[in-house]
Colleague: 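My questions will all concern the structure given below.
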Amino acid sequence: GAVVSQHPSRVICKSGTSVKIECRSLDFQATTMFWYRQFPKQSLMLMATSNEGSKATYEQGVEKDKFLINHASLTLSTLTVTSAHPEDSSFYICSARVPANYGYTFGSGTRLTVV
Amino acid sequence: DAKTTQPPSMDCAEGRAANLPCNHSTISGNEYVYWYRQIHSQGPQYIIHGLKNNETNEMASLIITEDRKSSTLILPHATLRDTAVYYCIVRVAGGQAGTALIFGKGTTLSVSS
């Protein structure tokens, strides 16, 4: 089946530094990828939609200058958390729509801890 | 997409059937019912989806009422590994191109031995 590979699975960084999270579609082309954030005991919250070759669309309240999204190819989307702060600590998950069956597949998630 | 209502939590004994309900009284005729689950610290996993007929796959069965206002996801023989948050989502098949799945609060299923 369609697989999205997400890396790293876990990262700890110092406050003020930047962290990059990668999502790759392994066996299909993902024209569109979605990025979610999930705080403990809460549901997934959509952050942004990234389209290959164009600017990402951010949900209301998500700072586009802080969460940089790049979708330079049909198989790779990246999320960079810039100048991270402890309140950015969260579980970040990417997702892509599978063209073959209109379903959605998800990455395994990245646990970000900012200290 | 139509709104869904699920109980916040449910318990199930290992080996027994787990029946997870979902209400979607405002569902439209062209909207499907999708079920996903999220095991702790993992990304969501697709389980099953259906329009109006009951569906079954290797993971679960989906029973949709005749008026389509509610549905039940059935895990026939729950195991400890089925402990997860289960999300019921209603949307048009494929959705609008470029639109994401929107998750509600889901049902936390706890399977115990």
Side-chain angles (χ1 to χ4, degrees), chain A residues 1-7 9-10 21 23 25 30-59 62 69 71 77 90-113, chain B residues 1 3-10 20 22 28 30-51 55 57-60 62 73 81 83-110:
Chain A
V3 175
V4 169
S5 177
Q6 183 172 348
H7 294 280
S9 59
R10 188 181 297 269
I21 301 169
C23 271
S25 56
T31 306
T32 304
M33 281 197 179
F34 309 98
W35 288 93
Y36 295 82
R37 179 169 54 182
Q38 186 176 32
F39 292 108
K41 298 189 184 300
Q42 295 187 20
S43 187
L44 287 79
M45 294 294 294
L46 180 66
M47 297 176 65
T49 299
S50 77
N51 296 296
E52 186 268 337
S54 64
K55 290 183 178 180
T57 302
Y58 291 82
E59 296 299 303
V62 178
I69 292 173
H71 195 159
S77 178
S90 188
F91 191 55
Y92 293 87
I93 306 166
C94 63
S95 174
R97 190 175 169 197
V98 181
N101 59 18
Y102 301 120
Y104 292 80
T105 186
F106 291 81
S108 54
T110 298
R111 175 76 59 193
L112 170 63
T113 303
Chain B
D1 299 337
K3 182 179 178 180
T4 62
T5 304
Q6 299 177 252
S9 64
M10 293 185 66
L20 291 87
C22 180
S28 299
N30 62 345
E31 288 184 313
Y32 284 67
V33 180
Y34 290 82
W35 283 85
Y36 283 77
R37 74 178 183 184
Q38 184 181 25
I39 295 171
H40 183 62
S41 294
Q42 296 183 24
Q45 175 190 25
Y46 166 82
I47 300 174
I48 199 168
H49 76 281
L51 181 63
E55 302 288 343
N57 62 21
E58 64 278 5
M59 289 183 68
L62 175 61
L73 177 74
R81 288 178 294 181
T83 293
V85 180
Y86 288 77
Y87 298 98
C88 169
I89 301 171
V90 170
R91 62 182 283 134
V92 175
Q96 184 178 352
T99 59
L101 284 179
I102 303 301
F103 290 81
K105 296 182 178 180
T107 296
T108 299
L109 175 68
S110 299

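Throughout, a chain's letter reflects where its sequence line sits, starting with A, and its residues are numbered from 1.
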Colleague: Would you mind checking which part of B:Thr108 comes under 4.5 Å of any heavy atom in chain A, side chain (CB onward), backbone (N, CA, C, O), both or neither?
Modeller: neither
Colleague: Flag the pair A:Phe34 / B:Phe103 as yes when their ring centroid distance falls below 6.0 Å, and as no otherwise.
Modeller: no
Colleague: Report the distance from atom CD1 of B:Ile39 to atom OG of A:Ser108, rounding to the nearest 0.5 Å.
Modeller: 12.5 Å
Colleague: Which atoms of A:Leu46 are under 4.5 Å from chain B, going by heavy atoms: the side chain, the backbone, both sets, or neither?
Modeller: side chain
Colleague: So which part of A:Gln38 gets closer than 4.5 Å to some heavy atom of chain B, the side chain, the backbone, both or neither?
Modeller: side chain
Colleague: Quick one: of B:Lys105, B:Gln42, B:Gln45, B:His40, who has the most non-hydrogen atom pairs under 4.5 Å with chain A?
Modeller: B:Gln42
Colleague: Report yes if some heavy atom in the side chain of A:Tyr36 is under 4.5 Å from a heavy atom in the side chain of B:Leu101; otherwise report no.
Modeller: yes
Colleague: Does any part of the side chain of A:Tyr104, heavy atoms only, come nearer than 4.5 Å to the side chain of B:Tyr36, both counted from C-beta?
Modeller: yes
Colleague: How close do A:Arg111 and B:Ser41 get, heavy atom to heavy atom, and via which atoms?
Modeller: NH2-OG, 3.2 Å
Colleague: Looking at side-chain heavy atoms only, is the closest gap between B:Gln38 and A:Ile93 below 4.5 Å?
Modeller: yes
Colleague: Would you say CE of B:Met10 has more than 12 non-hydrogen atoms from neighbouring residues, nucleotides or ligands within 6.0 angstrom?
Modeller: yes
Colleague: When rounded to the nearest 0.5 angstrom, what distance separates CD1 in B:Ile102 from CD in A:Glu59?
Modeller: 6.5 Å
